[in-house]
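Working notes, beginning with the structure itself.
All chains are named by letter (A, B, ...) in the order of the sequence lines, taking the proteins before the strands, and each is independently numbered beginning at 1.
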2 protein chains.
Amino acid sequence: METTKTRATRAKTAVETQADLPTGLILPGDCVEAMRSLPDNSVDCVFADPPYNLQLGGDLSRPDGSAVDAVTDHWDQFDSFKAYDDFTRAWLTEARRVLKPDGALWVIGSYHNIFRVGAILQDLGFWILNDIVWRKSNPMPNFKGTRFTNAHETLIWASMGEKSKYQFNYRAMKTLNDELQMRSDWVLPICNGAERLKEGGTKVHPTQKPEALLYRVLLATTEKGDVVLDPFFGTGTTGAVAKRLGRQWIGCERENVYRDAAYKRIEKELPLDESVIETMQSKKSAPRVAFGSLVENGFLKPGTEVFDKKRRWVATVRADGSLELNGSEGKQVGSIHGLGKDLQGAPSCNGWSFWHYEDAASGGDMKPIDAARQLYLLATED
Amino acid sequence: METTKTRATRAKTAVETQADLPTGLILPGDCVEAMRSLPDNSVDCVFADPPYNLQLGGDLSRPDGSAVDAVTDHWDQFDSFKAYDDFTRAWLTEARRVLKPDGALWVIGSYHNIFRVGAILQDLGFWILNDIVWRKSNPMPNFKGTRFTNAHETLIWASMGEKSKYQFNYRAMKTLNDELQMRSDWVLPICNGAERLKEGGTKVHPTQKPEALLYRVLLATTEKGDVVLDPFFGTGTTGAVAKRLGRQWIGCERENVYRDAAYKRIEKELPLDESVIETMQSKKSAPRVAFGSLVENGFLKPGTEVFDKKRRWVATVRADGSLELNGSEGKQVGSIHGLGKDLQGAPSCNGWSFWHYEDAASGGDMKPIDAARQLYLLATED
DNA sequence: ATAACCCATGAATCTTCTG
DNA sequence: ACAGAAGATTCATGGGTTA
């Protein structure tokens with residue numbers, strides 16, 4: 001992972017040098033061909049919702065006798081696993097070429113195809129970061145009572161390689177999840193109601209994805225201004241959410257009908273106010289605060305005593321932001337992290353949560369020095 | 001899928017002819033070699049928890065500096081995807097040979113290995129029935145804040161082929177899930193507390209699976225007396241739950257320590273009372289009753305009027321068990337299913353639930369004719 | 001107006017037995 | 001193998017109509 005600042009700078013440079021990138025456009029034709037027209041190392045994120053290769057038997061009816069509207073479109077038909085694998089390898093290879101070294105890939109699928117996709121992308125060198133389970137709150141039931149209700153789909157999130165500095169907006173996710181770490185299982189409803197695109201009462205696309213899903217993906221792993229490529233654009237959920245969140249987008253889509261619907265849809269989409277997007281990212285992109293700054297600015301005065309939670313050790317804050325262990329007469333000195341590490345004999349230590357101080361403002365309560373950092377951030381906002 | 005009765009008969013026959021099966025034993029040595037000693041088509045279910053091929057970099061430590069006891073045992077190291085794939089193909093091939101044609105396979109894994117396992121088992125001819133997400137209610141957090149909390153593992157449930165008559169105890173699962181279809185995402189806690197095997201305070205096996213997981217797997221897809229094979233037996237969760245549920249088991253395990261712990265553990269396990277193990281049976285496995293039998297035996301007299309729920313149609317029961325639509329003068333006649341189908345113009349109709357009658361015994365209440373069938377079944381029970 | 005009721009529908013590898 | 005009949009089978013949600 002990398003700091004936002006570094007990546008932002010790099011992204012900006014890339015956009016400038018790649019002024020010819022067809023952002024805001026849906027490339028027609030086969031997606032592999034279309035991606036060939038894009039330069040190497042030019043996009044920050046690929047989100048792909050490829051055909052699932054469902055292999056359906058006959059018609060299926062509900063217990064009440066009505067028919068299930070199945071996905072029987074030609075684009076989901078493959079002759080064999082071999083044919084599907086070849087197709088998968090082709091588009092993943094192009095996606096890999098087009099991605100920046102620190103870019104990332106998302107693919108969504110079901111048990112019909114996701115194992116093949118996952119194995120192939122590993123073979124190509126992608127490094128899986130998480131598999132994410134989209135738990136559908138309202139899936140279609142299993143009408144015949146023959147299996148477990150197929151109530152989820154799987155997303156794979158992968159970087160270009162083991163050492164890549166991928167983007168992950170940890171704070172934004174934790175904030176979105178009520179101050180708990182965002183887990184690998186996401187509960188979201190399927191796309192229906194007003195969000196579902198319809199033409200004359202029938203759905204435009206059989207497998208339109210919910211915007212909430214793309215919202216979370218883009219918010220978690222891209223930043224403002226990033227270029228997002230969707231090789232299977234469909235009716236443009238990726239583009240609509242990208243526009244809303246201030247990301248640039250490129251689509252590939254073979255079908256005229258889907259392209260038309262997508263353009264119309266994205267046209268109507270309004271970007272969120274810049275300040276809103278900033279706010280969502282504020283905690284994540286908050287500048288690093290040196291402990292010394294707190295001292296410099298009087299949030300913790302030199303001479304203040306700090307101690308671990310169990311008061312096994314007490315140290316004194318020095319003017320330069322270093323700590324000196326009490327009673328050691330200058331022999332045990334270090335940064336908040338380093339001294340904590342040494343005292344515990346641990347491989348690492350987060351000094352912000354290890355060291356505490358007595359907060360006079362709240363009647364002498366013991367608080368981690370991170371609380372002082374939060375006050376500092378609040379005071380220096382903007 | 002197949003009725004319980006049919007499979008039960010076959011399973012029994014198989015056990016009799018395979019009296020040499022080493023049930024209740026843990027075969028030492030390499031699992032591929034060990035499986036070679038088992039005859040073809042001899043087990044009903046394979047549950048496998050293979051090495052995950054985890055590729056952890058350096059040592060992992062928590063924010064407080066304590067070390068995470070990562071999976072770095074020698075049996076989990078593989079040189080490359082190629083080596084892991086070869087290993088996977090080898091044990092899956094043996095599992096396939098040993099399984100009966102209507103048997104089934106379960107494999108559990110994480111994103112490190114499950115995509116490779118899934119693709120290979122598809123290549124070998126297994127037919128995926130569901131992928132199941134075990135959603136951990138208490139996963140280990142992501143200490144570094146670099147990814148989403150890895151809060152689930154994935155199981156694949158597969159039959160021997162597209163046309164196999166696999167076992168699925170639909171009613172038992174629905175009952176277990178408070179009368180709603182069991183979904184593909186299962187929320188279960190990880191294995192700890194008293195259930196976790198420890199030796200001198202440290203865990204015996206790094207990846208011991210919770211018994212609740214095996215309980216659900218075996219209850220859903222095996223029946224009493226079935227033979228369950230676990231090629232990666234570990235400390236014997238599969239064997240313990242199998243014994244409890246009245247299933248037979250065979251294990252393979254290389255490590256002496258795990259075998260010893262497993263034997264000790266399973267020895268202590270007590271089988272549940274037979275009556276408790278009986279699962280809720282689906283109607284599919286109840287004996288078939290011809291509508292004519294009800295008429296023959298006086299449970300519905302010839303001349304009785306039957307009608308659909310909204311009384312759009314009324315028909316009269318004839319002496320041979322056929323129905324005649326009132327007012328049609330012999331032109332609209334058929335079986336309970338056929339006439340219901342024709343009147344509705346539906347592709348099919350379950351006459352038992354479509355047609356109703358007035359039950360004099362309960363003051364003229366409207367009841368589906370299935371109620372009469374239930375009375376008949378009750379009266380003719382052994 | 002509001003509640004009650006009915007109806008439509010969603011990436012689905014969706015039956016079993018007899019002749 | 002294939003055709004035909006018997007028989008088993010659904011949950012959450014949104015929108016429209018009725019009471």
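- Note: CG (B:N130) to P (C:dT13) measures 7 Å, nearest angstrom.
- Remark: B:R135 does not engage B:D185 in a salt bridge, criterion side-chain N to carboxylate O under 4.0 Å.
- Straight-line distance from the CZ atom of B:R288 to the P atom of C:dT18: 7 Å, rounded to whole Å.
- If you measure from atom CG of A:D69 to atom C1' of C:dC14, you get 16 Å, rounded to the nearest angstrom.
- Under 4.0 angstrom from either OP1 or OP2 of D:dA6 there lies no side-chain N or O belonging to B:H337.
- Residue-level contact check: B:R183 touches neither bases nor backbone, having no heavy atom under 4.0 Å from any strand.
- Distance noted for atom C1' between C:dT13 and D:dT13: 25 Å (whole Å).
- C:dA11 atom C1' lies 10 Å from atom OH of A:Y111, rounded to whole Å.
- Among the atoms of the strands shown, base atoms are found under 4.0 Å from some heavy atom of A:G58.
- Atom NZ of B:K341 and atom P of D:dG4 are 11 Å apart (whole Å).
- Under the 6.0 Å distance and 45° angle rule, B:R216 counts as a cation-pi partner of B:W186.
- A:D85 has no carboxylate O lying under 4.0 Å from a charged side-chain N of A:K82, or vice versa, which leaves the two without a salt bridge.
- Within 90° of 0 lies the glycosidic angle of C:dT13, which makes this nucleotide syn.
- In the set C:dG10, C:dA12, C:dC14, the nucleotide with an atom closest to the side chain of A:T146 is C:dC14.
- Rounded to the nearest Å, the gap between the C1' atom of C:dA1 and that of D:dT17 is 15 Å.
- Residue A:D73 is classed as having no contact, given no heavy-atom separation below 4.0 Å to the nucleic acid.
- The residue A:P210 sits apart from the nucleic acid: no heavy atom pair falls under 4.0 Å.
- A salt bridge links B:E179 with B:R171; the closest basic N to acidic carboxylate O contact falls under 4.0 Å.
- Side chain of B:W127, nearest nucleotide from C:dA12, D:dA8, C:dT13: C:dT13.
- Following rounding to the nearest Å, A:N53 (CG) and C:dT13 (P) show an atom-to-atom distance of 13 Å.
- Put simply, the side chain of A:Q55 does not reach to within 4.5 Å of the side chain of B:E162, judged on heavy atoms.
- Using a 4.0 Å heavy-atom distance criterion, A:S110 is classed as making no nucleic acid contact.
- You won't find any donor-acceptor pair under 3.5 Å spanning the side chain of A:K136 and the base of C:dA11, going by distance alone.
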Please list, pair by pair, any protein nitrogen or oxygen found under 3.5 Å from a nitrogen or oxygen in nucleotides 9-16 of chain D.
| residue | atom | partner | partner atom | Å |
| --- | --- | --- | --- | --- |
| D:dT9 | O3' | B:Y170 | OH | 3.4 |
| D:dT9 | O2 | A:F143 | O | 3.4 |
| D:dT10 | OP1 | B:Y170 | OH | 2.6 |
| D:dT10 | OP1 | B:K174 | NZ | 2.4 |
| D:dC11 | OP1 | B:Q181 | N | 2.9 |

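- Counting to the nearest Å, the P atom of D:dA6 and the CD1 atom of B:I336 are 8 Å from each other.
- Note on A:E253 versus A:R259: no salt bridge recorded, every NZ/NE/NH1/NH2 to OD/OE distance being 4.0 Å or above.
- B:D131 places its CG atom 13 Å from the C1' atom of C:dA12, with the value rounded to the nearest Å.
- Ionic pairing of B:D44 and B:K100 is present here: one or more N-O contacts between side-chain nitrogen and carboxylate oxygen are shorter than 4.0 angstrom.
- Cation-pi geometry between B:R96 and B:F126 is met: the NZ or CZ atom falls under 6.0 Å from the ring centre, inside 45° of the normal.
- Put simply, A:N150 has no side-chain N or O that comes within less than 4.0 Å of OP1 or OP2 on C:dA11.
- Spacing between D:dT10 and C:dT9 at atom C1', rounded to whole Å, works out to 12 Å.
- Here C:dA12 sits opposite no nucleotide as a Watson-Crick or G-U wobble pair (both hydrogen-bonding atom distances under 3.5 Å).
- The cationic atom of A:R116 (NZ for Lys, CZ for Arg) does not lie both less than 6.0 Å from the six-membered ring centre of A:Y84 and within 45° of the ring axis.
- Between the P atoms of D:dA12 and C:dC14, the separation comes to 23 Å (whole Å).
- The partner of C:dA4, taking Watson-Crick or G-U wobble pairs whose two distances both stay under 3.5 Å, is D:dT17.
- Across all strands shown, D:dT9 forms no Watson-Crick or G-U wobble pair with both key distances under 3.5 Å.
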